[in-house]
Amino acid sequence: MNSEAKCDKFTAINELARRRGYFWQSYEIYGGVSGFVTYGPLGAKLKQNIEAKLRELFVTKLGLLEIESSVITPGKVFEASGHVNHFKEPMVECLACNKRFRADHLLEEYAKQSCVETEKMSLKQIQKALEAHGIMCPECGGGFKPPQQFLTMFQTTIGPYSNATGYGRPEAAQGIFVEFNRLYAMAREKLPFGVIQIGHALRNEISPRQGLIRLREFTIADLEFFFDPEEPNCCLLKDVENETLRIYLAPERKACSEKIVEVTVKEAVAKQIIRSEWQAFFMAMAKKLLIEIGVPAENQRFIEKLPWEKAHYATQCFDQEVYVDRWGWIEVSGHAYRTDYDLDCHTKASGADLRVFKEYPEPIEQEQLVVKPVKAKLGPAFKGEAKKVAELLSNAPAEEVAASLEKDGYYMAENHKVLPEHVEVTHEKTVIRGKRFIPHVVEPSFGSDRLFYVALEYAYNVKDDRVVMGFPRAIAPTQLGVYPLVSKDGIDKKAREVHQQLLNEGFTAELDETGSIGRRYARADEAGVPLGITVDYDTLHDNSVTVRDRDSWRQVRTPIKSLPELLHKYFQGKLNFEDLGT
RNA sequence: GCGGUCGUAGUCUAGUUUGGCUAGGACAUCAGCCUGCCACGCUGACGACCCGGGUUCGAAUCCCGGCGACCGCACCA
């Protein structure tokens, strides 16, 4: 088992995960469905702890706002955001060999059409274009069935009688954008500010096959950070400016070079490698997060997306990648500069004003020509049409109306003849105190399940033919194991007391009294329990216990009464194992 | 969806070619004994042939269909 484990960690981890209750494929009794997993007791706790780390880093320390919105989303939202158009692909199937191809890719390759062109084409246009260019199956030369769209969002109907289309959200971000006005109010109407949402998202993948890496239902952590594009400087950049980032840049990728540049955050910004300071900041934070869940810096990198790889909303986009045994580099987070794309789309589609107001340092005074309808005269003159005429006058450019009155002695508001007596033309001074604009957004987006998987893979160690899950102590699902050395002579009773005390202190602690002590240590190692507390014969005399370190297997001796304080500090990272006793 | 490989207790697996099973083992789990710090002592218990159909006196084994897994193709905004 262990030699195989070295060959393929993915297999070993999946097996361990099932056996020990980290995660497994859902609905097994009905044969299982791929793309859905159940997190077991250890896994659920580990995932919570990883998400707690995310919250600690972004919510607690940076003061971002956290929200929770619904998964089912009215169709209008994703029509506005562009997902309905972009979350589907036109595909054709060969009549002869049944192979499937992306229709737009075929046109790009054989008809030399740009992806900008194919993007806009309807299915019928695609079919005609395929026929016009005589494109046949690249595999066998056969003809194609009519093209079909594959929508990768889960579609449903909201309510029993309505035919309102709803979608399972493929990202949590839109839940933030649509609530922008309220959230901006809660941020005390100040930029910059950020909102995070950690929740389930759904994507109907055609064929998900890589365990936790590609799921149909998964947990996403979308962070939307709003700022003024005219004040794009990041006030927190100093905190991370000397962090180094390993980046695989787009030009290198185009040249098929493997070259990774290693730059500090400061340099990346100065050299415009990363065009948004806030994006650079969050990339540094993402690196920190991954280190905290156990992935060393040298096994992380950022990869700049090529133009055709980028999401429809993004300008510059980086993926954070982690090296894993089975597939090499896999994406764990995406960092997109979404500009004002989403808020602009929702402004246009909903009619709601999602702009923010920015006061100028000095108010600007302007003199403006104003044409005011005189209601008292309009009424008798136009009777029932008066209201309409007034409206037409208000909407017409003042200069045009004034000029016409001056020159011709009247102004035609459609077919109504407006005379000078009907209006009052004045020069008014207006004071413009500021302007309205749509904030820009940088979005770091983490795949929680992928973070979970890489945490498992980097924790996975084999020591003396035993599996030891070396989770960083902050994310370990179980913090403490409590063991009676033997189950007799009152030692078992004492161990239960110690266990209860530790639970009362708020630790997650497991009591294990079966089997030999070595077996229990081994079992705890597989569950990644950082510390073992063993009650032995000496405990009965002097109230001290041994504390065992999961990673070094060393032991120290400590009085029971000092355990709570020492252990709290240990799990906060303020003490090392050696400091826990003698 | 396509092609290849595969599907036996919680896990790993023997048996499938050549039908004869009351399906064997190991680890894990549970109960009891034993215990003096790293899964290694003893006794016992629990527990499986992916689903459906067919062939046959008899199917884990052969045939067909379905489901699922792994690899490759495609897909992964």
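Side-chain atoms are counted along with the backbone in the values below, which use heavy atoms only and exclude waters and symmetry mates.
Each of A/W327 and A/E171 has a nearest nucleotide on RNA chain B; the 5'-most of these lies closest to A/W327. Comparing A/E331 and A/G211, the nucleotide of RNA chain B nearest to each residue sits closer to the 5' end for A/G211.
We find that A/R557 and A/D536 are joined by a salt bridge, their nearest charged nitrogen and carboxylate oxygen being less than 4.0 Å apart. Between A/R523 and A/E526 there is no salt bridge, since no side-chain N of the basic residue sits under 4.0 Å from a carboxylate O of the acidic one. Salt bridge A/K348/A/D344: present, at least one basic N to carboxylate O contact under 4.0 Å. Ion pair A/E578/A/R554 flagged as a salt bridge, since at least one NZ, NE, NH1 or NH2 atom sits closer than 4.0 Å to an Asp/Glu carboxylate oxygen. At a threshold of 4.0 Å, the pair A/E510-A/K45 does not count as salt-bridged, since none of the basic side-chain nitrogens sits closer than that to a carboxylate oxygen.
The gap from the P atom of B/G24 to that of B/G15 amounts to 15 Å, rounded to the nearest Å. Between the C1' atoms of B/C40 and B/G4, the separation comes to 42 Å (whole Å). With P as the reference atom, B/G65 and B/G1 are 14 Å apart, rounded to whole Å. If you take atom C1' in B/U29 and the same atom in B/U11, they sit 11 Å apart, rounded to whole Å. Nucleotides B/G10 and B/A28, compared at atom C1', are 7 Å apart to the nearest Å. Only the C1' atoms considered, B/C21 is 11 Å distant from B/U61, to the nearest whole Å. Nucleotides B/A48 and B/G3, compared at atom C1', are 31 Å apart to the nearest Å. When the P atom is used for both B/C49 and B/A60, the distance is 10 Å, rounded to whole Å.
When all heavy atoms are compared, the tightest approach of A/V529 to A/R550 is O-CB, 3.3 Å.
You'll find the side chain of A/K494 reaches within 4.5 Å of the side chain of A/N543, heavy atoms only. Side-chain contact check for A/F180 versus A/D342: every heavy-atom pair is 4.5 Å or farther apart.
The shortest distance between the side-chain N/O atoms of A/Q25 and the OP1/OP2 oxygens of B/G68 is not below 4.0 Å.
In this structure, the CD atom of A/E526 is 9 Å from the C1' atom of B/A39, given to the nearest Å. Taking atom CZ of A/R18 as the reference point, atom C1' of B/C70 lies 12 Å away to the nearest angstrom. Per the geometry, CD belonging to A/E15 stands 13 Å off P belonging to B/A9, to the nearest Å. Here the P atom of nucleotide B/A69 and the CG atom of A/L212 are 14 Å apart, to the nearest Å. Distance CD (A/Q210) to P (B/A74): 14 Å, rounded to an integer number of Å. If you take CH2 of A/W24 and C1' of B/A69, they are 18 Å apart, rounded to a whole angstrom. Spacing between atom CG of A/L16 and atom C1' of B/C12 amounts to 14 Å, rounded to whole angstrom units. The distance between atom CZ of A/R326 and atom P of B/A69, rounded to the nearest whole Å, is 13 Å.
Of the possible donor and acceptor atoms, one in the side chain of A/R520 sits under 3.5 Å from a partner among the backbone N and O of A/D512.
Every stem involving RNA chain B, taken as at least 3 paired positions in a row under the Watson-Crick or G-U wobble test at 3.5 Å, is listed here: B:1-7 with B:67-73, B:10-13 with B:24-27, B:29-33 with B:41-45, B:50-54 with B:62-66.
Among A/E179, A/H346, A/R169, the one residue that satisfies the side-chain hydrogen bond (donor to acceptor under 3.5 Å, both in side chains) test with A/Q174 is A/H346.
Applying the ring-ring contact (aromatic ring centres under 6.0 Å, His included) definition to pairs two or more places apart or across chains, those involving residues 510-533 of chain A are A/Y483-A/Y521. Counting only residues at least two apart or in different chains, salt bridge (Lys or Arg N to Asp or Glu O under 4.0 Å) contacts with residues 148-157 of chain A are absent.
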Checklist line | Reading 5' to 3' through nucleotides 26-38 of chain B, protein heavy-atom contacts under 4.0 Å coded B for base, S for sugar-phosphate only, - for none | finding: --SS-----BBBB
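Note that the OH atom of A/Y248 and the CZ atom of A/F318 stand 14.0 Å from one another [nearest 0.5 Å].
Ring geometry for A/F154 against A/F36 counts as tilted: the plane angle lies between 30° and 60°, on a 0 to 90° scale.
A donor-acceptor pair shorter than 3.5 Å cannot be found between the side chains of A/S276 and A/Q316.
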All N/O pairs under 3.5 Å across the protein-nucleotides 44-46 of chain B interface:
none

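In the region residues 214-225 of chain A, proximity to RNA chain B at under 4.0 angstrom, judged on heavy atoms, holds for A/R214.
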